Amino acid sequence: MAIRVKVLGCRRLVLLFLFLRLLLEAQAGKIRYSVSEETDKGFFVGNIAKDLGLQPQELMERGVRIVSRGRKQLFALNPRSGSLVTAGRIDREELCAQSARCLVSFSVLVEDKMKLFPVEVEIIDINDNTPEFQLEEVEFKMNEITAPGTRIPLPSGQDLDVGMNSLQSYQLSSNPHFSLDAQQGSDGSQQPEMVLQSPLDREEEAVHHFLLTAFDGGNPARSGTLRIRVQVVDVNDNPPAFTQAVYHTSVPENVPLGTRLLMVKAMDPDEGANGEVTYSFHNIDHKMAQIFHLDSYTGEISSQKPLDFEEYTIYPMEIQAQDGAGLMARAKVLVKVLDINDNAPEVTITSVTTSVPENFPPGAIIAFISVHDQDSGDNGQTSCSISGNLPFKLEKLDDNYYRLVTEKTMDRELTSQYNITVTATDQGTPTLSTETHISLQVTDINDNPPVFPQDFYSTYILENNPRGASIFCVTAHDADSNENAQVTYSLVEDTIQGVPLSSYVSINSDTGVLYALRSFDYEQFQDLQLRLMARDSGDPPLSSNVSVSIFVLDQNDNTPEILYPALPTDGSTGVELAPRSAEPGYLVTKVVAVDRDSGQNSWLSYRLLKASEPGLFAVGLHSGEVRTARALLDRDSLKQSLVVAVQDHGQPPLSATIMFTVAVADSIPEVLADLDSIETSSHRDNSSFTLHLVVAVAAVSCVFLAFVIALLVLRLRRWHKLRAQTSASVLAGLPTSHFVGVDGVRAFLQTYSHEVSLTADSRGSHVIFPQPNYADTLISQESGEKKDFLSVPQSLLEDKKETFSQVNLL
């Protein structure tokens with residue numbers, strides 16, 4: 001017997017242990033609190049920080065906040081104390097109506113962990129509602145022959161509180177004919193009935209007045225009263241009878257107002273007033289009485305306010321039929337509401353990031369999204385999506401929660417801002433949807449180097465430019481933004497002819513303008529090759545290079561240089577030889593000159609500037625050849641002085657002159673003898689010639705003045721003719737042999753002449769005479785060896801024209 005008792009005790013302990021374990025597991029899933037209704041705002045509910053395992057100051061640091069579906073926020077977090085407090089006054093009856101327990105559920109989101117903690121708060125009822133009757137007064141008609149024991153149902157009182165605070169008892173004012181009896185209904189509510197205790201006598205008392213009082217169980221108790229008026233009438237032995245005990249109908253919740261829902265019918269076989277039936281609601285909820293309208297004569301029930309499936313799925317009503325004599329009958333009416341898809345999904349964004357860098361990794365969380373639909377069935381089933389072609393996707397969590405995450409890496413240079421449209425759609429017919437927009441800004445990182453529009457640049461500058469002159473401007477563009485797009489320019493260090501590049505040019509680091517630091521000389525170098533660097537201000541900085549070619553254009557800054565005839569070092573003039581028998585066109589000598597400039601600036605022309613015997617000699621315009629214009633006469637002087645001018649075609653033109661003497665003789669000894677005789681006779685006749693000289697000078701001066709005037713007229717006419725011709729047409733018709741270079745001149749001098757110094761009583765004379773075959777040699781040089789001369793090819797002329805046209809365009 002003792003062993004059996006021990007076994008039973010062990011079983012009880014095991015069962016108790018299992019029960020406690022299940023209780024703990026159930027409690028571990030949610031955080032539960034309770035609070036009384038109608039408390040003030042900020043009323044303490046519970047220490048949420050302690051239950052979450054956090055310190056009070058960590059609530060804000062870790063982004064702890066309340067996430068709820070309700071339209072009204074009932075609770076709030078106190079960040080100082082870490083407690084859960086009320087956000088305002090809470091009315092339990094508004095939240096839960098007549099439910100036995102009133103539970104408010106919400107979630108607490110810890111953002112840094114992205115974790116939700118469910119919380120459940122029970123709202124405890126207080127006795128804040130007084131029992132009420134729908135009517136202030138009710139009237140009954142009773143036949144005077146009504147038998148004692150007859151029960152008359154009375155309207156039930158309503159108390160919005162629950163439990164002990166709800167309606168508990170009724171009390172009828174004392175009278176000799178009626179007593180009160182409360183019956184227990186199927187739903188547990190008390191149904192008051194008035195019981196006739198003794199027969200009525202209309203002749204003794206036609207109307208009876210009573211007061212029905214309803215009491216609740218609160219402390220202190222509250223009460224409500226209903227006035228009852230009983231009118232005693234003559235005999236009516238047939239009460240009304242409904243055609244159905246229960247009436248059923250089904251209507252959609254969007255039924256138009258005023259629509260007839262159904263009609264109840266009660267029959268009374270009595271005649272007259274005893275057979276006239278009127279209809280009324282009996283024991284109906286206040287809200288239902290406002291939603292439905294009952295025609296008291298026809299029994300037609302219609303809607304006068306919108307039906308809401310989300311509030312009531314079935315509207316139960318009790319209809320009372322009463323004839324003229326006061327006999328009554330009751331029937332039930334059940335109006336079933338059919339759900340339609342009249343509620344669009346509700347989208348709530350609980351946590352969102354407004355800006356992300358463009359290198360944000362795939363899978364990073366952008367926002368938490370909650371979707372809820374108040375409809376039921378398929379109408380309440382929701383799905384969530386975002387518009388296509390975006391680098392984002394939605395991942396579904398439990399309990400209609402979604403999270404928006406990145407699907408791939410973003411590029412700010414392609415899209416700097418995303419407007420994400422989140423669409424929640426239910427599965428009703430027709431479907432309803434709700435759109436919510438999330439604006440996401442993509443911030444820049446330095447992932448793009450500066451880019452030049454061209455891979456190579458070329459520009460031109462005239463030589464002899466002033467220091468600090470602007471040469472060219474380059475611009476690089478950076479697709480990034482802010483400081484990542486701020487570009488600075490610099491030169492890539494290099495040398496030109498052993499000199500650092502930075503001593504020739506510089507660049508403005510902000511604008512990219514290239515400046516010359518010195519005056520360029522075309523004869524020193526014709527182009528500069530340099531590289532420029534563009535660097536942004538990002539971290540780390542990115543850069544790119546570009547090549548720039550600067551071409552120096554020639555200017556006419558060099559005068560022609562006469563190479564032949566060469567002037568003696570003692571300051572005397574050179575002497576050229578011409579035989580007495582020279583025919584017209586005889587080549588006496590050739591003036592050879594070069595110009596260090598190029599192109600048109602180096603094209604030379606020759607002219608006879610001065611001659612002791614005008615008309616005796618002529619100079620080739622482009623060849624520089626000095627030839628006899630006519631045959632020599634006996635009266636011609638044996639010593640002819642010539643001045644030849646050499647001029648280039650630059651703007652303005654530059655020129656040089658050479659003066660030399662042409663001696664008329666057939667051989668070198670004769671030249672020397674003629675020169676000596678001329679010198680001796682001049683000394684002998686010096687004294688006698690003075691008078692003649694004075695007269696001659698006067699005559700020559702007059703002649704010279706007339707000659708100068710005529711020469712000026714001829715020069716002006718010739719200048720007008722030359723101006724009328726374009727330099728291109730003149731140059732196009734010239735043979736390349738007319739342009740003599742330095743190398744060609746040296747070759748010409750080697751074959752054309754040789755130099756002889758006369759020292760025996762020559763008085764410092766310097767004679768240059770040709771070799772016996774000089775004419776043949778010159779012709780052969782011109783005809784057969786033109787390649788030895790430094791001539792300007794036609795292609796170079798065309799290139800120079802094109803170059804000058806480009807400069808004019810710049």
Side-chain angles (χ1 to χ4, degrees), residues 354-362 364 389-392 406-420 439-462 465 468-496 499-517 520 525-553 802-803 805-810:
T354 58
S355 63
V356 295
E358 59 181 319
N359 61 346
F360 215 42
N389 300 324
L390 292 177
F392 308 99
T406 56
E407 189 174 21
K408 57 184 178 181
T409 305
M410 294 167 284
D411 189 353
R412 189 205 67 84
E413 287 68 42
L414 295 178
T415 306
S416 61
Q417 184 177 7
Y418 290 94
N419 289 319
I420 307 169
S439 180
L440 183 65
Q441 191 77 25
V442 182
T443 58
D444 183 50
I445 64 170
N446 193 25
D447 58 345
N448 290 281
V451 177
F452 290 95
Q454 299 176 212
D455 297 332
F456 177 80
Y457 292 92
S458 62
T459 187
Y460 302 88
I461 185 173
L462 287 171
N465 57 283
S470 173
I471 303 175
F472 192 60
C473 180
V474 294
T475 303
H477 301 280
D478 197 311
D480 295 320
S481 65
N482 299 329
E483 67 275 1
N484 295 330
Q486 294 177 0
V487 180
T488 57
Y489 304 91
S490 62
L491 288 171
V492 178
E493 195 58 44
D494 198 357
T495 58
I496 299 176
V499 180
L501 177 63
S502 57
S503 65
Y504 287 92
V505 293
S506 67
I507 189 170
N508 189 307
S509 61
D510 296 324
T511 63
V513 177
L514 203 62
Y515 297 97
L517 297 181
F520 297 148
F525 54 83
Q526 286 76 42
D527 63 85
L528 291 174
Q529 303 294 331
L530 52 100
R531 291 184 66 80
L532 303 180
M533 175 187 292
R535 182 192 300 266
D536 60 28
S537 302
D539 185 19
L542 301 178
S543 63
S544 59
N545 297 342
V546 69
S547 298
V548 178
S549 294
I550 303 175
F551 296 98
V552 182
L553 301 180
E802 181 180 357
T803 301
S805 65
Q806 293 176 358
V807 173
N808 292 331
L809 290 175
L810 291 175

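In what follows, every heavy atom counts, from backbone to side chain, and hydrogens, waters and symmetry copies are set aside. The shown structure was predicted, so the numbers you read here are calculated from the model rather than taken from an experiment. Residue numbers start at 1 and run along the sequence shown.
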Quiz item: Which atom names give the shortest non-hydrogen contact between Leu390 and Glu407, and what distance separates them?
Solution: O-OE1, 4.1 Å
Quiz item: Short question: side chain of Thr443, backbone of Val356 - any donor-acceptor pair under 3.5 Å?
Solution: yes
Practice problem: Go through the structure and list residues passing side-chain hydrogen bond (donor to acceptor under 3.5 Å, both in side chains) with Gln441, not counting sequence neighbours. | Solution: none
Quiz item: What distance separates Leu514 CG from Ile507 CD1, expressed to the nearest 0.5 Å?
Solution: 5.5 Å
Quiz item: For the residue pair Ala534 and Val487, what are the closest heavy atoms and their distance?
Solution: CB-CG1, 3.8 Å
Quiz item: Does a side-chain heavy-atom distance below 4.5 Å link Asp455 with Ser547?
Solution: no
Quiz item: Are the side chain of Asn482 and the backbone of Asn484 linked by a donor-acceptor contact shorter than 3.5 Å?
Solution: no
Quiz item: Which residues pass the side-chain hydrogen bond (donor to acceptor under 3.5 Å, both in side chains) test with Arg535, sequence neighbours left out?
Solution: none
Self-check item: Separation of Asn448 CG from Leu542 CG (nearest 0.5 Å)
Solution: 8.0 Å
Self-check item: Gap between atom CG of Asn545 and atom CE of Met533 - 0.5 Å precision
Solution: 4.5 Å
Quiz item: Taking only residues two or more places apart in sequence, or in another chain, which ones meet Tyr515 in a ring-ring contact (aromatic ring centres under 6.0 Å, His included)?
Solution: none
Quiz item: Residues two or more places apart in sequence or in another chain: which of them pass side chain to side chain contact (heavy atoms under 4.5 Å, CB included) with Ser439?
Solution: Gln417, Asn419
Practice problem: Using modelled atom types only, decide if a donor and an acceptor are shared between the side chain of Ser549 and the backbone of Ser458 within a distance under 3.5 Å. | Solution: no
Self-check item: Polar side-chain atom of Thr406 near backbone of Pro361 as donor-acceptor pair, under 3.5 Å
Solution: yes
Quiz item: In Å, rounded to the nearest 0.5 Å, how long is the span from CG of Leu501 to OG1 of Thr495?
Solution: 8.5 Å
Quiz item: Would you say the side chain of Ile461 lies within less than 4.5 Å of the side chain of Ile550, judging by non-hydrogen atoms?
Solution: yes
Exercise. Find out whether Phe392 and Leu440 are in side-chain contact, i.e. whether some heavy atom of one side chain is under 4.5 Å from a heavy atom of the other.
Key: yes
Quiz item: Can you say whether the rings of Phe452 and Tyr489 are parallel (under 30°), tilted (30 to 60°) or perpendicular (over 60°)?
Solution: tilted
Exercise. First locate atom OG of Ser506, then atom CG of Leu491, and finally report the distance between them rounded to the nearest 0.5 Å.
Key: 7.5 Å
Exercise. Keeping the roles fixed (side chain from Asp444, backbone from Ser481), state whether a donor-acceptor pair exists under 3.5 Å.
Key: yes
Practice problem: Look at the rings of Tyr504 and Phe520 and say which category their plane angle falls in: under 30° parallel, 30 to 60° tilted, over 60° perpendicular. | Solution: tilted
Quiz item: For Asn446, which residues count as a side-chain hydrogen bond (donor to acceptor under 3.5 Å, both in side chains) partner, sequence neighbours excluded?
Solution: Asp536
Quiz item: With no hydrogens and no angle check, is any side-chain donor or acceptor of Ser544 less than 3.5 Å from a backbone partner on Pro450?
Solution: yes
Exercise. Would you mind reporting whether Glu413 and Asp447 have side-chain heavy atoms less than 4.5 Å apart?
Key: yes
Quiz prompt | Inter-residue atom distance Ile445.CD1 - Asn359.CG, 0.5 Å rounding | solution = 4.0 Å
Exercise. Using modelled atom types only, decide if a donor and an acceptor are shared between the side chain of Thr459 and the backbone of Phe472 within a distance under 3.5 Å.
Key: no
Quiz item: Who are the side-chain hydrogen bond (donor to acceptor under 3.5 Å, both in side chains) partners of Asp478, not counting sequence neighbours?
Solution: none
Self-check item: Nearest heavy atoms of Met410 and Val442, plus distance in Å
Solution: SD-CG2, 4.0 Å
